[in-house]
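Down below is the structure, laid out as structure tokens.
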Amino acid sequence: MYFGTSTDGLVELGRLMADDPRFSLCAAKRFYGYFHQLATDEVPLHIAASLQKLLYDTGMDAKALARAIVLGEDFRVSHVVTDQGDGRMDRVGYKKLRPIQMGQLIRELTGFEWATDLTSLDDDPNLPYGLGAPNLLEDSFFGYNVLAGGIDAIFVTRPSHTYSATSSLVLRTLAGHAARKVVDEDFDQPAAQRWLLHLVEVNTDDEGTIREQLAALHLRLYGERHPSEDAALDSTWALWRAAFAHSSDISRAWKTTLSAMLQDVRIAYY
């Protein structure tokens, strides 16, 4: 039975559910809410209705629904200028990276994937299945998915869309691991094959070249374009210089600098 309507089995039950306008409206709200990081009851009804119509028009095509949402004008908004007349911006459109997105971003930038090898426990007779090597940003049992703002669908059923103490600690630790890995690998490769450090070598210590590399990093990590002499790079240059003065080790100075840059909260929003 489906709300009093008899069915001949699961196939017809599924068809009745799909034909119910409440189902398509719910789907439209949940897709929109997921991408815009809104609760279902916060999705504007007129938007949900237009997406519901899209579902009908495309034969209940979920891919078409997702595509329409992420290509919509409201999804592209990063900020609006306030009406205070002081030039301030309200960053209403910024969204926090989910843990799985953060893992993908760091892997794309540095090649580092945060996983732990538990294959040594696969022969344990007390375990119902092999554990393998879980990704620590995707796994909510052995890993840090929940601490980073994700869900486990059992005890934590709603994600966090703001940064907290635990999500900041996860990002900080992830940044440290990734920075060490990428600096060691980059200086072992030709410049054209590196992840991030294309403009410097392990013996480069002149300010001009280092600031050029820092400008390239600001563009790659934050999407901010600055000339190498721009004052916006002064604090990053000061950090590199202080790290080098402390250790007399150029490689360590880059690890310290990249660790700080990768844990900057700017990298965690889009």
Side-chain angles (χ1 to χ4, degrees), residues 34-39 78 91-121 131-186 195-197 214 217-218 220-224 232-233 235-244 246-247 249 251-270:
Y34 178 85
F35 284 111
H36 283 267
Q37 300 184 359
L38 296 172
S78 65
R91 300 183 184 277
V92 295
Y94 273 20
K95 300 169 183 65
K96 173 180 172 289
L97 288 176
R98 290 177 169 85
I100 187 173
Q101 293 173 302
M102 178 60 68
Q104 293 170 342
L105 174 67
I106 295 298
R107 184 168 62 246
E108 172 71 19
L109 291 172
T110 68
F112 176 74
E113 184 165 0
W114 203 7
T116 187
D117 188 356
L118 299 177
T119 53
S120 61
L121 302 177
L131 300 176
N135 184 299
L136 294 179
L137 286 173
E138 299 177 11
D139 190 275
S140 57
F141 187 78
F142 294 102
Y144 308 114
N145 184 285
V146 171
L147 292 177
I151 65 173
D152 62 10
I154 301 173
F155 302 106
V156 182
T157 58
R158 300 183 67 176
S160 171
H161 299 312
T162 59
Y163 254 77
S164 63
T166 57
S167 54
S168 297
L169 286 171
V170 171
L171 177 58
R172 176 181 179 179
T173 307
L174 172 65
H177 287 310
R180 288 191 293 272
K181 185 259 187 192
V182 72
V183 171
D184 286 339
E185 287 196 357
D186 272 6
W195 295 96
L196 292 174
L197 302 178
L214 293 175
L217 289 171
H218 273 259
R220 183 77 174 96
L221 302 183
Y222 310 137
E224 298 176 356
L233 303 180
S235 59
T236 318
W237 158 245
L239 173 62
W240 189 96
R241 184 176 55 191
F244 179 59
H246 182 267
S247 64
D249 185 332
S251 177
R252 184 170 179 81
W254 279 114
K255 291 176 183 178
T256 300
T257 303
L258 278 173
S259 178
M261 295 186 75
L262 290 171
Q263 67 183 275
D264 190 306
V265 75
R266 284 176 292 176
I267 205 172
Y269 285 86
Y270 65 94

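The model shown is predicted, which means the values in this text are computed figures rather than measured ones.
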So, does Asp186 use its side chain to make a donor-acceptor pair with the main chain of Leu197 at under 3.5 Å? yes

Less than 3.5 Å apart, which donor and acceptor atoms pair up between the side chains of residues 263-270 and the rest of the protein, not counting sequence neighbours?
| from | atom 1 | to | atom 2 | distance (Å) |
| --- | --- | --- | --- | --- |
| Gln263 | NE2 | Ser259 | O | 3.0 |
| Asp264 | OD1 | Arg266 | N | 2.9 |
| Asp264 | OD1 | Arg266 | NE | 3.2 |
| Asp264 | OD2 | Arg266 | NE | 3.3 |
| Asp264 | OD2 | Arg266 | NH2 | 3.0 |
| Arg266 | NH1 | Glu224 | OE1 | 3.0 |
| Arg266 | NH1 | Glu224 | OE2 | 3.0 |

State, with a plain yes or no, whether a side-chain heavy atom of Lys181 is found less than 4.5 Å away from one of Trp195. yes

Is there a donor-acceptor pair closer than 3.5 Å between any side-chain N or O of Asn145 and the backbone N or O of Leu137? yes

Shortest non-hydrogen separation from Pro99 to Gly150 and the atoms involved: CG-N, 3.7 Å

To the nearest 0.5 Å, tell me how far Thr166 OG1 sits from Tyr163 OH. 9.5 Å

Using 0.5 Å steps for rounding, measure from the OG atom of Ser160 to the CG atom of Leu147. 11.0 Å

Do side-chain atoms of Thr157 reach the backbone of Ala153 as a donor and acceptor pair under 3.5 angstrom? no

What is the distance from atom CG of Leu136 to atom CZ of Phe142, rounded to the nearest 0.5 Å? 10.5 Å

One should read off an interatomic distance between Ser164 OG and Leu169 CG, to the nearest 0.5 angstrom, of 8.5 Å

For Arg98, does its backbone N or O pair with a side-chain atom of Gln101 as donor and acceptor, under 3.5 Å? yes

Taking all non-hydrogen atoms of both residues, which atom of Ser140 and which atom of Ile151 are closest, and how far apart? CB-O, 3.9 Å

For Ala243, which residues count as a side chain to side chain contact (heavy atoms under 4.5 Å, CB included) partner, sequence neighbours excluded? Ala253, Thr256

Kindly indicate whether the side chain of His36, heavy atoms from C-beta on, has any atom under 4.5 Å from the side chain of Lys95. yes

Taking the six-membered ring for Trp, is the centroid-to-centroid distance between Trp114 and Tyr144 below 6.0 Å? yes

Sequence neighbours excluded, the answer for ring-ring contact (aromatic ring centres under 6.0 Å, His included) partners of Tyr222 is His218

With a 4.5 Å limit on heavy-atom distance, are the side chains of Phe141 and Asp152 in contact? no

Under the criterion side chain to side chain contact (heavy atoms under 4.5 Å, CB included), I'd like the reasoning laid out for Ile100 against Asn135: C-alpha separation, chi angles, the key distance, then a yes or no. CA-CA 9 Å; Ile100 187 173; Asn135 184 299; over 6 Å; no

Charged N-O contact under 4.0 Å between Asp184 and Lys255: yes

I need the Leu239 CG to Thr257 OG1 distance, nearest 0.5 Å. 4.5 Å

Please enumerate all residues that pass salt bridge (Lys or Arg N to Asp or Glu O under 4.0 Å) together with Lys96, with sequence neighbours excluded. none

Could you work out, with salt bridge (Lys or Arg N to Asp or Glu O under 4.0 Å) as the rule, every residue matching Glu138, not counting sequence neighbours? none

Rounded to the nearest 0.5 angstrom, the CE-CG distance for Met261 and Leu217 is 5.0 Å

Please list, one pair per line, the donor and acceptor atoms closer than 3.5 Å that link side chains of residues 103-111 to other protein atoms, with sequence neighbours excluded.
| from | atom 1 | to | atom 2 | distance (Å) |
| --- | --- | --- | --- | --- |
| Thr110 | OG1 | Ile106 | O | 2.8 |
| Thr110 | OG1 | Phe112 | N | 3.2 |

